[in-house]
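These notes concern the structure reproduced below.
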Amino acid sequence: MTTLRVDSTTEASPPEPEPEAEPEAEPEAEAARYRSLLAAARGLVRCDAAALLQLDVDVLKPVAVDGLSDETLGRQFPVAAHPRFARLLASERGLRFAHDSNLPDPYDGLVAGQPGILPVHDCMGAPLRLRGAVWGLLTLDALEPHAFDAVGPAQMEALIALVETGIEAAHTIREMQARAMREQAVAQALRAGRGAPRELLGSSPAMKQLCHEIDTVAVSDLTVLLLGETGVGKDLVAQRLHARSRRSEQPLVQVNCAALPESLADSELFGHKRGAFTGAVQDRDGKFEIADGGTLFLDEVGELPLSVQAKLLRVLQSGEVQRPGSDRMRKFDVRVIAATNRDLPAAIAQGRFRADLYHRLSVYPLVVAPLRERGRDVLVLAGSFLEENQHRLGARNLRLSPASKAAMLAHGWPGNVRELEHVISRASLRAFREQPRGSRWTAIEPHHLALDSTAVGSAVAAPVQAPANEHAGSAIAGGTLRDATEAFQRAWLSELLARHGGRVASAAREAGIDRSNFHRTLRKLGLVQAGDSETPG
């Protein structure tokens, strides 16, 4: 028997352009909407099973089933491997297959509630379109031959219109929810005095090249490895990659790998089942599951212990997560972005990082240039931070004096953008406190910045309170401003180190300075020798 078509055409229509994938803002609510659509479809056409499958490039993924077993939702159907699906997608408004068609049926044995594995005998379906592009398929199946004999073209057209209207409504709801979430995030940032969410700023050749590379790779699902010094803004690069991807309406989940204790890394990344270990009093979703459909940003990935690296590699290779305490494998669809300030090839040579994980993560490496290589971008960034501090402090027109601009352009910025942010915050507060009432603007001068413009190293910020060191006053007296500044820094740092028992890391944390920059400043001031090792903090 030949295949019966619902439409009247004999040639398959040209394939429609592939739609962009549609991430779900609220997966449970959207799944419920799709299930309601299928229930309505079964009300129009009696059948044993119905399914909605969304097209993702060349793979059909079930988003809702009615009358099919739950395992169907865990399956994916490559179109090239399923000729029935391929013919349905190529049809204009649907097909009905003969009950004795020799084309394999993807749903054989998947109809729910049956005593055994039974074949499907009657099936029909149609492509579904959203805003002119193919969204996916609606399929209807029956165990008995000739079940759909009475379904004519008019009834099929009504069914397709019903389902496409429902999909359009679900898509619109998702867009409205995503827009509301973005507006809420901006409003919260403004209320907190932070201004709008930060973006990558600058027009230097290095930044232009970086933005071009970001926009090139963002539209793909390739894994990206961000490389660069501490404080260059790798988190903003990850945010731009996500915002320009097809996953932009789905979550961007960030994990600070350096803050993951080895004993809890499994639970944090992969979740756990209740009772998996002492203290596991309830089931917990891991970051991979939370980011499903979206992007997972693994910051400071070079700090992961080797044991966790091995587990992460298995998950990235398989696309499946097994929660500690569970035997079930859970599939996920996550785009991974990783970042590190470490020299990973050197770490591999030293046996501290797995070579196979490095190659899995560095499919598309992006290097974020340090601030010292970005020229006048420092002034653009400073303007952004001044605007934030102006709102936070209630100051009037925070402005950099020409001398301050020159000092900032001459500074080496070893702490990069993070150092610049902190310098501007401190300088804004100092200038604001000094500014007379009624001034039309608040001028930030070099002494507010407290930079040593002739040195590459980072100047240590003046403390809120003067050091108790009784020799500090005599050390500062006399000499040039630079001599006085260095003397003050030396006295303050000596007391700070003494207070922390010589522990550099602890002292650096109190000073609010990156440890490597802090140690560099100590060497410059002669408080440690170049070959000295740091006392653990």
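Given the structure is predicted, the values throughout are model-derived calculations rather than measurements. Side-chain atoms are counted along with the backbone in the values below, which use heavy atoms only and exclude waters and symmetry mates.
- Remark: Ala238 pairs with Leu226, Phe297, Ile337 by the side chain to side chain contact (heavy atoms under 4.5 Å, CB included) rule, at least two apart or across chains.
- Between Arg240 and Ile214, the shortest heavy-atom distance links the atoms CG-CG2, 3.7 Å.
- The CG atom of Asn341 sits 10.0 Å away from the CG atom of Leu227 when rounded to the nearest 0.5 Å.
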Starting from the C-alpha separation in whole Å, work towards a yes-or-no answer on side-chain contact (heavy atoms from CB on, under 4.5 Å) for Val417 and Leu236.
-> CA-CA 11 Å; Val417 180; Leu236 295 184; over 6 Å; no
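- Counting only heavy atoms from C-beta outward, the side chains of Glu168 and Leu130 approach each other to under 4.5 Å.
- The two residues Ile424 and Leu386 have their closest heavy-atom pair at CG2-CD2, 3.7 Å.
- Counting non-hydrogen atoms of other residues, nucleotides and ligands closer than 6.0 Å to CD of Glu373 gives a total above 12.
- Put simply, the side chain of Thr230 does not reach to within 4.5 Å of the side chain of Asn416, judged on heavy atoms.
- Inter-residue side-chain proximity for Leu357 and Leu316 is flagged as met; some heavy-atom pair is nearer than 4.5 Å.
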For Asp343 and Arg352, what are the C-alpha separation, side-chain angles and deciding distance, and is it a salt bridge (Lys or Arg N to Asp or Glu O under 4.0 Å)?
-> CA-CA 11 Å; Asp343 182 349; Arg352 293 186 290 107; over 6 Å; no
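- No side-chain heavy atom of Gln309 sits less than 4.5 Å from a side-chain heavy atom of Leu312.
- The side-chain heavy atoms of Ile160 and Leu128, taken from C-beta on, include a pair separated by under 4.5 Å.
- In this model, no donor atom of one side chain and acceptor atom of the other lie less than 3.5 Å apart for Ser220 and Tyr364.
- For Ser101 (side chain) and Ala98 (main-chain N/O), no donor-acceptor pair under 3.5 Å exists by modelled atom type.
- Proximity of Leu60 to His82: side-chain heavy atoms (C-beta onward) are nowhere separated by under 4.5 Å.
- Taking the side chain as every heavy atom from C-beta outward, Leu55 and Val79 approach each other to under 4.5 Å.
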Where do Arg335 and Val224 land on the side-chain contact (heavy atoms from CB on, under 4.5 Å) test, with the steps shown first?
-> CA-CA 9 Å; Arg335 199 265 184 91; Val224 177; 3.8 Å; yes
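- At a threshold of 4.5 Å between non-hydrogen side-chain atoms, the residues Leu225 and Leu344 count as touching.
- Of the residues Asp221, Asp292, Asp56, the one that meets the salt bridge (charged side-chain N to carboxylate O under 4.0 Å, His left out) test with Arg247 is Asp221.
- With sequence neighbours excluded, the residues that form a side-chain hydrogen bond (donor to acceptor under 3.5 Å, both in side chains) with Gln209 are Glu213.
- Contact between Asp141 and Cys123 at its shortest, heavy atoms only, is OD1-CB, 2.8 Å.
- Between Asp356 and Arg314 there is no salt bridge, since no side-chain N of the basic residue sits under 4.0 Å from a carboxylate O of the acidic one.
- Atom CZ of Arg354 is separated from atom CZ of Arg360 by 12.0 Å, given to the nearest 0.5 angstrom.
- For Arg418, there are no side-chain hydrogen bond (donor to acceptor under 3.5 Å, both in side chains) partners at least two apart in sequence or on another chain.
- Residues Arg129 and Glu92 approach most closely at NH1-O, 3.1 Å, considering heavy atoms.
- Between Ser384 and Leu201, the shortest heavy-atom distance links the atoms CB-CD1, 3.5 Å.
- The OG1 atom of Thr340 sits 10.0 Å away from atom CG of Leu361, with the distance rounded to the nearest 0.5 Å.
- Across all non-hydrogen atoms, the minimal contact from Gly94 to Pro127 is N-CD, 3.8 Å.
- Checked for salt-bridge contact, Arg84 and Asp105 meet the test: a charged N lies under 4.0 Å from a carboxylate O.
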Please step through side-chain contact (heavy atoms from CB on, under 4.5 Å) for the pair Arg246 and Val219, ending with a clear verdict.
-> CA-CA 6 Å; Arg246 64 187 182 88; Val219 296; over 6 Å; no
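- Atom OG1 of Thr72 and atom CZ of Arg75 lie 6.5 Å apart (nearest 0.5 Å).
- Checked against side-chain hydrogen bond (donor to acceptor under 3.5 Å, both in side chains), Arg244 has the following partners two or more places apart in sequence or in another chain: Asp215.
- Note: Glu144 CD to Arg46 CZ = 11.5 Å, rounded to the nearest 0.5 Å.
- For Asn256, there are no side-chain hydrogen bond (donor to acceptor under 3.5 Å, both in side chains) partners two or more places apart in sequence or in a different chain.
- Without hydrogens or angle criteria, Asp333 side chain to Gly293 main chain gives no donor-acceptor distance under 3.5 Å.
- Considering only residues two or more places apart in sequence or on other chains, Arg342 meets the salt bridge (charged side-chain N to carboxylate O under 4.0 Å, His left out) condition with Glu303.
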Would Met156 and Arg96 count as a side-chain contact (heavy atoms from CB on, under 4.5 Å) if you check the C-alpha gap in whole Å, the side-chain angles of each, and the deciding distance to 0.1 Å?
-> CA-CA 10 Å; Met156 192 65 175; Arg96 177 185 170 194; over 6 Å; no
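- Separation of atoms CD1 (Ile348) and NE2 (His359) is listed at 6.0 Å; rounding is to 0.5 Å.
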